[in-house]
Each structure stands twice: as C-alpha cells, then as structure tokens.
Amino acid sequence: DITERKRADLALREAEALYRSLVDNIPAGVFRKDLAGRYVFVNDQMCRFNDVPRELLLGRTAAEAATELSERRGTSDHPWKQTVAQINRGADHHKLIVQTGQTVILDEDWMPADGRRRCMHTVKTPVFGADGTIIGSQGVLFDITGLKQVEAALRASEERLQLASSVGGVGTFEHNHLTGEMQTSS
C-alpha cells in the first residue's frame with residue numbers, strides 16, 4: 001500500500017530530523033566511527049573542538065586524519081602535534097571498544113591550533129547493529145575547562161587559607177547542631 005509506505009517514509013524523515021536537530025545543536029562534540037575506525041559522523045561542535053573541517057575526518061580513520069592534519073598544518077607547530085596525538089589516542093580507544101564492548105570514560109587535556117588549552121570529559125561507547133553485534137564506536141565530548149579552572153582556584157584558595165591559618169596560629173571549628181559534634185582544625 002502506497003499510503004502506508006508514504007506514512008512510514010514521513011515518520012522516518014521526522015525521526016531523522018529530530019535526531020539531527022539534537023545532535024547538531026547539543027553543546028558537545030559527537031562522533032561515530034564504523035567498525036574499521038572511519039569517521040562516519042561528526043557534528044559541528046566536534047569539528048570546532050578539534051579545529052578541523054568535517055571533510056578532514058569523514059571517511060577517514062584517526063590515523064589517516066592525523067596524517068592529513070600533519071601535512072596540512074606541519075608537524076613543527078606544537079598545538080597541531082598535540083591534536084595529532086589526541087586523534088591517535090582515539091584510534092586506540094576505538095580498537096578497545098570494538099574488541100571488548102567496553103565504555104571508555106576519561107578527562108583529557110586538549111590543545112587545538114588556537115593554543116587555548118581545554119579539558120574535555122569524553123564518553124566513548126560501542127555502536128550496536130540491529131542484530132546486536134558491535135558495528136563501531138561513538139562518543140560525546142564535553143568541554144569542562146571552566147569546571148577544572150574553578151576546581152583549581154578552589155584548591156589554591158584552600159591552600160592559602162591553610163597557610164594563613166598555620167602562620168597566624170588561627171584555627172577553625174565546625175559544629176554540627178543536629179548531633180552536637182564539634183570538629184576543630186589543628
């Protein structure tokens with residue numbers, strides 16, 4: 001029945017549009033690789049995080065993309081060398097994921113060509129086909145640079161407070177009003 005087929009096609013197009021809208025507008029880098037490790041999808045944010053055009057990644061393995069990137073930008077420029085190393089680490093993660101089905105979660109420092117160091121929280125998972133077999137890997141990258149900067153500032157502030165308390169011979173105390181327990185600093 002042609003009417004039923006048209007409805008199914010429309011439903012599929014709507015589902016694809018909703019998926020594309022989410023993935024293209026999410027403030028995170030998203031990628032997918034096939035079983036051989038070739039990028040089959042990267043969203044705009046992923047390209048911005050890597051400071052590379054989409055065509056540099058799509059259809060290529062991480063190693064091929066790294067080679068192309070080195071040729072385009074030259075290996076003498078430090079930030080590009082680090083980007084190449086990041087891409088190569090991604091290839092190692094891909095192999096682990098497709099061989100074991102494990103999820104890889106990590107925080108890593110990135111230094112794209114603009115020289116602005118970033119910290120990325122990355123979650124990489126297997127992609128399963130309709131039959132349940134692993135057909136690739138995919139990942140989501142979140143820029144947590146701001147969070148890491150706040151954590152570092154808090155640690156520095158705590159160290160200064162500890163030093164000031166120690167030098168000044170000042171202590172602190174904390175009283176739990178519910179339990180009556182008192183804690184003091186040394």
Side-chain angles (χ1 to χ4, degrees), residues 1-73 75 79-113 118-148:
D1 183 14
I2 292 179
T3 304
E4 189 60 35
R5 186 178 306 150
K6 285 183 181 181
R7 270 188 236 159
D9 287 345
L10 179 61
L12 178 61
R13 283 195 305 277
E14 287 177 2
E16 287 174 351
L18 288 173
Y19 169 79
R20 175 70 66 185
S21 176
L22 171 68
V23 171
D24 282 345
N25 292 297
I26 193 169
V30 179
F31 70 88
R32 183 171 286 149
K33 296 178 182 180
D34 64 14
L35 198 56
R38 290 182 300 266
Y39 288 98
V40 295
F41 176 82
V42 291
N43 72 349
D44 290 340
Q45 191 66 35
M46 179 71 175
C47 295
R48 280 192 291 275
F49 283 162
N50 284 289
D51 196 25
V52 296
R54 186 181 317 270
E55 62 271 7
L56 179 86
L57 297 173
L58 290 179
R60 291 188 171 102
T61 65
E64 291 165 346
T67 299
E68 176 69 20
L69 182 61
S70 293
E71 290 172 0
R72 285 187 185 189
R73 305 284 167 85
T75 56
W80 290 115
K81 286 202 278 190
Q82 189 161 356
T83 301
V84 170
Q86 292 160 359
I87 291 172
N88 287 330
R89 276 193 306 275
D92 294 338
H93 295 154
H94 173 77
K95 288 176 189 172
L96 174 70
I97 292 166
V98 298
Q99 290 173 357
T100 67
Q102 287 182 307
T103 294
V104 174
I105 301 173
L106 68 151
D107 292 347
E108 42 183 1
D109 285 328
W110 283 41
M111 177 124 24
R118 294 185 185 122
C119 184
M120 306 301 279
H121 178 73
T122 307
V123 179
K124 300 176 184 182
T125 65
V127 177
F128 295 97
D131 63 357
T133 60
I134 295 173
I135 61 169
S137 69
Q138 59 193 354
V140 181
L141 293 79
F142 302 94
D143 187 343
I144 59 169
T145 305
L147 174 64
K148 292 296 185 179

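Distance CG/Leu22 to CD1/Ile26: 5.0 Å, rounded to 0.5 Å. Atom-to-atom distance recorded for Arg20:CZ and Asn25:CG is 11.0 Å, nearest 0.5 angstrom. Taking CE of Met120 as the reference point, atom CZ of Phe142 lies at 9.5 Å (rounded to 0.5 Å). For the atom pair Arg7 CZ and Ile2 CD1, the distance stands at 12.5 Å (nearest 0.5 Å).
Across all their heavy atoms, Phe49 and Arg118 have their closest contact at O-NH1, 3.5 Å. In terms of heavy-atom proximity, Gln45 sits nearest to Arg48 at OE1-NH2, 2.9 Å. Considering every non-hydrogen atom in both Pro53 and Cys47, the closest pair reads C-SG, 4.2 Å. Nearest heavy atoms, Ser137 versus Ile97: CB-CG2, 3.9 Å. When all heavy atoms of Asp109 and Arg89 are compared, the closest pair comes out as O-NH2, 4.4 Å.
Contact check for Phe128 versus Ile134: side-chain heavy atoms found under the 4.5 Å cut-off. Using a 4.5 Å heavy-atom cutoff, the side chains of Leu10 and Lys6 are not in contact. Contact check for Val42 versus Leu58: side-chain heavy atoms found under the 4.5 Å cut-off. Looking at heavy atoms from C-beta onward, Val40 lies out of side-chain contact with Lys33 at the 4.5 angstrom threshold. Looking at Ile105 and His121, their side chains come closer than 4.5 Å, going by heavy atoms from C-beta outward.
Although no hydrogens or angles enter the test, the distance criterion places a donor-acceptor pair under 3.5 Å between the side chain of Asn43 and the main chain of Ala28. Between the side chain of Thr145 and the backbone N or O of Cys119, at least one donor-acceptor pair lies under 3.5 Å.
Under the side-chain contact (heavy atoms from CB on, under 4.5 Å) test applied with Lys124, the options His94, Gln138, Gln102, His93 reduce to a single match, His93.
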| request: Given salt bridge (charged side-chain N to carboxylate O under 4.0 Å, His left out), test Arg13 with Glu16 step by step and report yes or no. | output: CA-CA 5 Å; Arg13 283 195 305 277; Glu16 287 174 351; over 6 Å; no
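Ring geometry, Phe41 versus Tyr19: the interplanar angle falls from 30° to 60°, so the pair is classed tilted.
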